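All remarks here apply to the structure that follows.
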Amino acid sequence: MTLLISPFPTDCKAAKLADIVFIIDESGSIGTPNFQLVRAFLHSIVSGLDVGPKRVRVGIMSFADRPSFDLTAHSDTKALEDAVLKIQQKGGGTETGRALNFMGPYFERAEASRGHKVSEYLIVITDGKSSDEVKIPAEKLRAQGVKVYAIGVKNADQEELREISGDPARMFFVNNFDALKPIKDNIVTDICSPGGKKTALKFKMCVSLSAGDSEAGVIEMIDEAVKATSSTKQRSLTTNPSDQSVSSQIFCLSCKDQPGDLIFLIDSSGSIEYDDYQKMKDFMKSVIGKSIIGQNDVHVGVMQFSDRQTMEFPLNSFYSQDEMLQAIGDMIQFGGGTLTGEAITAVSQYFDVARGGRPNLKQRLVVITDGEAQDEVEGPAASLRANGVLVYAIGVVNANTTQLLEISGTPDRMYSERDFDALKDLESEVALELCEPDRGESGLRL
């Protein structure tokens, strides 16, 4: 019996109508080996697309507004793959803003050539800071309905990447070009969602059974895998078959968002630098962006704390991602000490029905802090967990690991990170916690 866990689809045949343009940095700072890795990254994305004049069209531009090829150049996937592998590095500067300005009229012409509007995606890949301004042209493109991704490598400016994408969930930063490959899954997942809308699917597991394996063994294995896996990885697990056998077949399950309540309790004390405070906000935005938000789905609230508490918005304030992301973006750090225990007591009431909570569903609290609490945390956290709330403790830099364990009540929900950049590694893992398995038999026979 073997179980393969795939967090994202490896190809994208669901996107029937889309125009996708890549803007790639061909500047002299990117050496030939790295440019080959960029080509391989592009190839890995386009190879799974259903390319055609009336289906998905793909174009590739350089920062110098020079098209390697236009949206209408290739009529099938194979021709597009071959063209990508033949792209040559041309050199030049890094005028990202100029390239973004060029794309507004470009997408308008693309719409005119189809005769109607389809989902439009722009994927910007750069390894350095732009020599011109990017925020306004990027905002204009997004207002035009173009979904913009910003991928930065090595020396790219992360604040600039945020300005380009407008959404932390579509901003990626990696330390080298070898690390581009995993980003492909995130982008393909978004493009594959019908109509460009996010679906509830988080990952898919399929179990290959041979004669002699048991259905009970499948269920046990799946439960183990859901606990063990992170949505950013693939792993193969095996188990021994038991006596009660089933015929040879494949069982599959999907992981879908489970309706429930999630509150973030974030440290707003004076020890947190401005940039790190923004990274906490980006972390919350990204988790929300990976979740299915709605009145009958996932509800989210946010409280800030230092030596006082402010409820930014309770669970019943917003039922759309856009409203939540705007509210988080408007949050201001207020400094002060670190009274974490007092904050946990204060936030507990917001899980009650009277404050918008839904105790009949799963409820979770995510605490993020960078230092040692100046008060007692074990009692308040234990009281909250006794009411059925799952508590996650994320400590960064100088956080006290003993206190983190007292907050979470278990090492399984405790995370201790070296710096705020490491929060990005936890985004998918926390989003996966909103997930419950939806089991079903595929009907496929071996």
Side-chain angles (χ1 to χ4, degrees), residues 260-274 276-285 287-288 299-318 324 327-359 362-410 413-417 420 423 426 430 433:
D261 295 337
L262 171 66
I263 296 181
F264 291 98
L265 180 61
I266 72 161
D267 190 339
S268 190
S269 63
S271 60
I272 296 176
E273 299 290 335
Y274 173 81
D276 291 336
Y277 181 74
Q278 299 304 314
K279 289 169 186 174
M280 280 198 295
K281 290 166 68 171
D282 287 348
F283 172 79
M284 292 188 289
K285 287 181 179 180
V287 172
I288 290 169
H299 293 186
V300 178
V302 176
M303 175 182 279
Q304 294 196 78
F305 77 95
S306 59
D307 47 18
R308 59 189 175 93
Q309 309 89 38
T310 298
M311 193 68 196
E312 296 294 339
F313 56 90
L315 291 163
N316 58 352
S317 283
F318 305 125
M324 292 178 184
I328 291 172
D330 293 340
M331 284 169 48
I332 298 174
Q333 182 180 3
F334 44 74
T338 310
L339 298 180
T340 312
E342 192 176 293
I344 293 172
T345 298
V347 81
S348 297
Q349 61 186 307
Y350 288 94
F351 287 102
D352 298 339
V353 173
R355 294 297 188 100
R358 297 175 293 175
K362 283 197 174 180
Q363 296 183 307
R364 298 170 174 87
L365 175 69
V366 176
V367 182
I368 309 175
T369 182
D370 84 323
E372 183 169 348
Q374 296 164 339
D375 58 355
E376 192 262 337
V377 298
E378 187 172 16
S383 296
L384 183 58
R385 296 197 307 271
N387 288 332
V389 178
L390 295 175
V391 183
Y392 298 80
I394 301 175
V396 188
V397 190
N398 297 317
N400 184 309
T401 54
T402 300
Q403 289 182 342
L404 294 177
L405 185 57
E406 290 174 349
I407 292 170
S408 66
T410 172
R413 290 192 288 274
M414 184 195 90
Y415 305 90
S416 182
E417 303 299 335
F420 282 87
L423 284 176
L426 292 178
V430 172
E433 288 292 340

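As the structure is a computational prediction, the values presented were derived from the model and not from experiment.
Of the possible polar contacts, one joining the Arg358 side chain to the Gly260 backbone as a donor-acceptor pair under 3.5 Å is found. Formation of a donor-acceptor pair under 3.5 Å by the Asp307 side chain with backbone atoms of Leu339 is not found in this model. Within the 3.5 Å criterion, the main-chain N or O of Gly395 finds no donor-acceptor partner in the side chain of Asp370. The backbone N or O of Ile344 sits less than 3.5 Å from a side-chain atom of Ser348, completing a donor-acceptor pair. In terms of modelled atom types and a separation under 3.5 Å, the side chain of Asp261 and the main chain of Gly357 share no donor-acceptor contact. Checked by atom type and distance alone, the side chain of Ser408 pairs as donor or acceptor with a backbone atom of Thr410 at under 3.5 Å.
Of the inter-residue distances, the one linking Gln374 atom CD with Thr338 atom OG1 reads 5.0 Å to the nearest 0.5 angstrom. Note that the CG atom of Asn400 and the OG1 atom of Thr340 stand 10.0 Å from one another [nearest 0.5 Å]. We find the CD1-OG1 distance between Ile332 and Thr310 to be 11.0 Å, quoted to the nearest 0.5 Å. Taking CD of Glu312 as the reference point, atom CE of Met331 lies at 4.5 Å (rounded to 0.5 Å). A distance of 13.0 Å separates CG in Leu365 from OH in Tyr350, rounded to the nearest 0.5 Å. Taken to the nearest 0.5 Å, the CE atom of Met303 stands 7.5 Å off from the CD1 atom of Ile263.
Taking all atoms of both residues into account, the shortest heavy-atom contact from Ser268 to Phe334 is OG-N, 3.0 Å. Closest of all the heavy-atom pairs between Leu405 and Met414 is N-SD, 3.6 Å. For the residue pair Lys281 and Ile328, the shortest heavy atom distance occurs at CE-O, 2.9 Å. Across Val377 and Gln403, no two heavy atoms sit closer than the pair CG2-O, 4.0 Å. Of all heavy-atom pairs spanning Thr369 and Leu404, the tightest one is CG2-CD2, 4.2 Å. Closest heavy-atom contact between Val347 and Phe351: O-CD1, 3.9 Å.
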Output side-chain donor-acceptor pairs under 3.5 Å for residues 378-386, partner residues at least two apart or in another chain, one line each.
from: Ser383; atom 1: OG; to: Gly379; atom 2: O; distance (Å): 3.2
from: Arg385; atom 1: NH1; to: Glu406; atom 2: O; distance (Å): 3.1
from: Arg385; atom 1: NH1; to: Ile407; atom 2: O; distance (Å): 2.9

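Ser271 and Ser269 form a side-chain donor-acceptor contact under 3.5 Å, judged by distance and modelled atom types alone. Side-chain contact, Asp267 with Ser306: no donor N or O sits under 3.5 Å from an acceptor N or O. With 3.5 Å as the limit, one finds a donor-acceptor pair spanning the side chains of Gln304 and Tyr277.
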Intermediate values then yes/no, side-chain contact (heavy atoms from CB on, under 4.5 Å), Met284 and Ile266: CA-CA 10 Å; Met284 292 188 289; Ile266 72 161; 3.7 Å; yes
List the steps and the verdict of side-chain contact (heavy atoms from CB on, under 4.5 Å) for Ile272 and Gln333.
-> CA-CA 9 Å; Ile272 296 176; Gln333 182 180 3; 3.7 Å; yes
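Comment: Asp352 does not engage Arg355 in a salt bridge, judged by the lack of any side-chain N to carboxylate O separation of less than 4.0 angstrom.
Using cut-offs of 30° and 60° for the angle between ring planes, the Tyr415 and Tyr392 rings count as parallel.
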